[in-house]
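Note: hydrogens, waters and symmetry copies are ignored here, and every other heavy atom, side chains too, is used.
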Amino acid sequence: MDASTLSTELKAHLASERRRLAPAKVLLVRQEERRNEPGVVVFAARTSAHGSELRRIDLERHDDLIGLDLEDSGTVVEQQLFLVCTHGKHDRCCAKYGRPLYDAVREQVEAGWAWQSSHVGGDRFAGNLVVLPDGAYYGRVEPSESWPVIEAALSGRVHLPCYRGRSVQGFAAQAAEIAVREESGALGVAEVQVVRFQSAGETWRAEVEAREQLYEVAVRREEGEATHLTCSTQKLSRPSCYVAEILRVRAS
């Protein structure tokens, strides 16, 4: 957002809203076919463990956002958004892998459902795709795998092979959730819930509910294999990885 052409006043308002609604993220999205269209389209997605909502706000200009309550403006829409990170200025991997993915997604969904996005995080997972309002993050999605992700999202499920977790959870909780999905076979977006989560330094304990079972999960952070974290770096780094182990299962 800092490098955008938005006005100083609007940037300040969005930063204030981001703090008020924390944890929250502001993304800039575009569709090339809208380049000469009048007006500005804004989407506000609220993602929670037990329900999600997507609102569309149509404005004449960007600065009309100043002063708006993003939680209560615009109209609720039932469609889902598929955001593909193509932000090559941050890391050229996002453009290299993101643009072909975006083209594949756009061809398979209704007009207005697919958007190119600014940086969503996780460069090494490009191509990155986010489904809103579910807040489902996917990484290393090949264009050929875009339809399984879309099909799952339209059915209220997640596509586990490239699923990274939901935005409502931190990295360690995401690892616990994914481990339980793999063990239980539960793929519904709301079918798996992290009901308790505790941190103890570099380890965590989680209780995750799925299909009337309660899973106790231990998570630890480890150093992953040396890799290039972005397409721009020459240095090898060992990224943090979160390893989850299911300790016991009982009826919930």
Side-chain angles (χ1 to χ4, degrees), residues 25 27 29 31 43-56 76-86 94 97-117 119-195 206 208-213 215 217 242 244 246:
K25 191 176 185 69
L27 297 173
V29 298
Q31 290 179 327
F43 292 100
R46 179 187 60 82
T47 300
S48 71
H50 302 287
S52 303
E53 182 181 81
L54 180 66
R55 288 179 172 269
R56 174 172 172 146
V76 176
V77 295
E78 299 300 327
Q79 73 183 58
Q80 290 165 304
L81 293 188
F82 297 87
L83 308 184
V84 179
C85 179
T86 58
C94 294
Y97 299 108
R99 184 52 196 258
L101 174 60
Y102 168 74
D103 290 339
V105 173
R106 182 181 58 176
E107 291 176 358
Q108 297 175 94
V109 298
E110 298 289 338
W113 289 20
W115 295 75
Q116 295 184 62
S117 167
H119 184 55
V120 302
D123 295 350
R124 70 183 187 277
F125 296 109
N128 283 297
L129 187 155
V130 182
V131 181
L132 296 177
D134 293 338
Y137 272 63
Y138 293 91
R140 300 193 180 103
V141 185
E142 296 287 342
S144 61
E145 201 167 13
S146 59
W147 176 245
V149 173
I150 295 167
E151 184 180 35
L154 296 179
S155 301
R157 298 178 288 106
V158 301
H159 178 60
L160 201 51
C162 47
Y163 179 61
R164 290 176 52 194
R166 297 184 68 198
S167 60
V168 294
Q169 298 160 348
F171 296 143
Q174 288 173 347
E177 178 212 341
I178 291 171
V180 170
R181 288 189 184 278
E182 291 174 341
E183 176 71 17
S184 67
L187 298 179
V189 172
E191 195 176 8
V192 178
Q193 300 288 341
V194 179
V195 296
V208 184
E209 191 173 36
R211 295 183 172 177
E212 300 183 346
Q213 298 287 314
Y215 294 77
V217 186
Y242 294 83
I246 296 175

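Contact detail for Val194 and Ala173: the closest heavy-atom pair is CG2-O, 4.1 Å. A pairwise comparison of heavy atoms in Ala153 and Phe82 identifies CB-CE2, 3.8 Å as the closest pair. Here the shortest heavy-atom pairing between Gly121 and Asn128 reads O-ND2, 3.7 Å. The minimum heavy-atom distance linking Leu54 with Gln79 is given by the pair CD2-O, 3.4 Å. The two atoms that bring Tyr97 and Ala126 nearest to each other are CB-C, 3.9 Å, heavy atoms only. Scanning all heavy atoms of the two residues, the minimum distance from Gly98 to Val84 falls at O-CG1, 3.3 Å.
Using a 4.5 Å heavy-atom cutoff, the side chains of Leu83 and Val120 are not in contact. A heavy-atom distance below 4.5 Å is found between the side chains of Val149 and Leu129. Using a 4.5 Å heavy-atom cutoff, the side chains of Arg166 and Val189 are in contact. Side-chain contact between Tyr163 and Glu177 is present, with at least one heavy-atom pair separated by less than 4.5 Å. For the pair Cys85/Arg99, no side-chain contact is recorded, criterion being any heavy-atom separation below 4.5 Å from C-beta on. In this structure, Phe43 and Leu81 have side chains that are in contact, with non-hydrogen atoms separated by less than 4.5 Å. With a 4.5 Å cut-off on side-chain heavy atoms, Thr86 and Cys94 do not count as touching.
Here CD1 of Ile150 is found 10.0 Å from CD of Glu107. Values are rounded to the nearest 0.5 Å. With rounding to the nearest 0.5 Å, the separation of CZ in Phe125 from SG in Cys162 is 12.0 Å. Atom CD of Glu182 sits about 8.5 Å away from atom CD1 of Ile246, to the nearest 0.5 Å. Distance check, rounded to the nearest 0.5 Å: CD of Glu183 to OH of Tyr215 gives 6.0 Å.
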Residues 133-143, side-chain donor-acceptor partners within the protein, below 3.5 Å, at least two apart:
from: Asp134; atom 1: OD2; to: Gln80; atom 2: NE2; distance (Å): 3.3
from: Tyr138; atom 1: OH; to: His159; atom 2: N; distance (Å): 3.1
from: Arg140; atom 1: NE; to: Arg124; atom 2: O; distance (Å): 3.4
from: Arg140; atom 1: NH2; to: Arg124; atom 2: O; distance (Å): 3.4

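The backbone N or O of Ala49 lies less than 3.5 Å from a partner atom in the side chain of Gln193, making a donor-acceptor pair. Panel note: side chain Arg56, backbone Ala44; no donor-acceptor pair is recorded below 3.5 Å. A donor-acceptor pair is defined here as one N or O able to donate and one able to accept, closer than 3.5 Å; such a pair exists between the side chain of Ser184 and the backbone of Ala186. Using a distance-only test at 3.5 Å, with no hydrogens or angles considered, no donor-acceptor pair links the side chain of Arg106 to the main chain of Gln116. Put simply, the side chain of Glu191 gets close to the backbone of Leu187: a donor and an acceptor are under 3.5 Å apart. Remark: side-chain polar atoms of Gln169 are not paired, donor with acceptor, to backbone N or O of Gly165 under 3.5 angstrom.
Using a 4.0 Å cut-off between a side-chain N of Lys or Arg and a carboxylate O of Asp or Glu, Glu53 and Arg55 qualify as a salt bridge.
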Apply ring-ring contact (aromatic ring centres under 6.0 Å, His included) to residues Trp115 and Tyr102 and explain how you reach the verdict. CA-CA 7 Å; Trp115 295 75; Tyr102 168 74; 9.0 Å; no
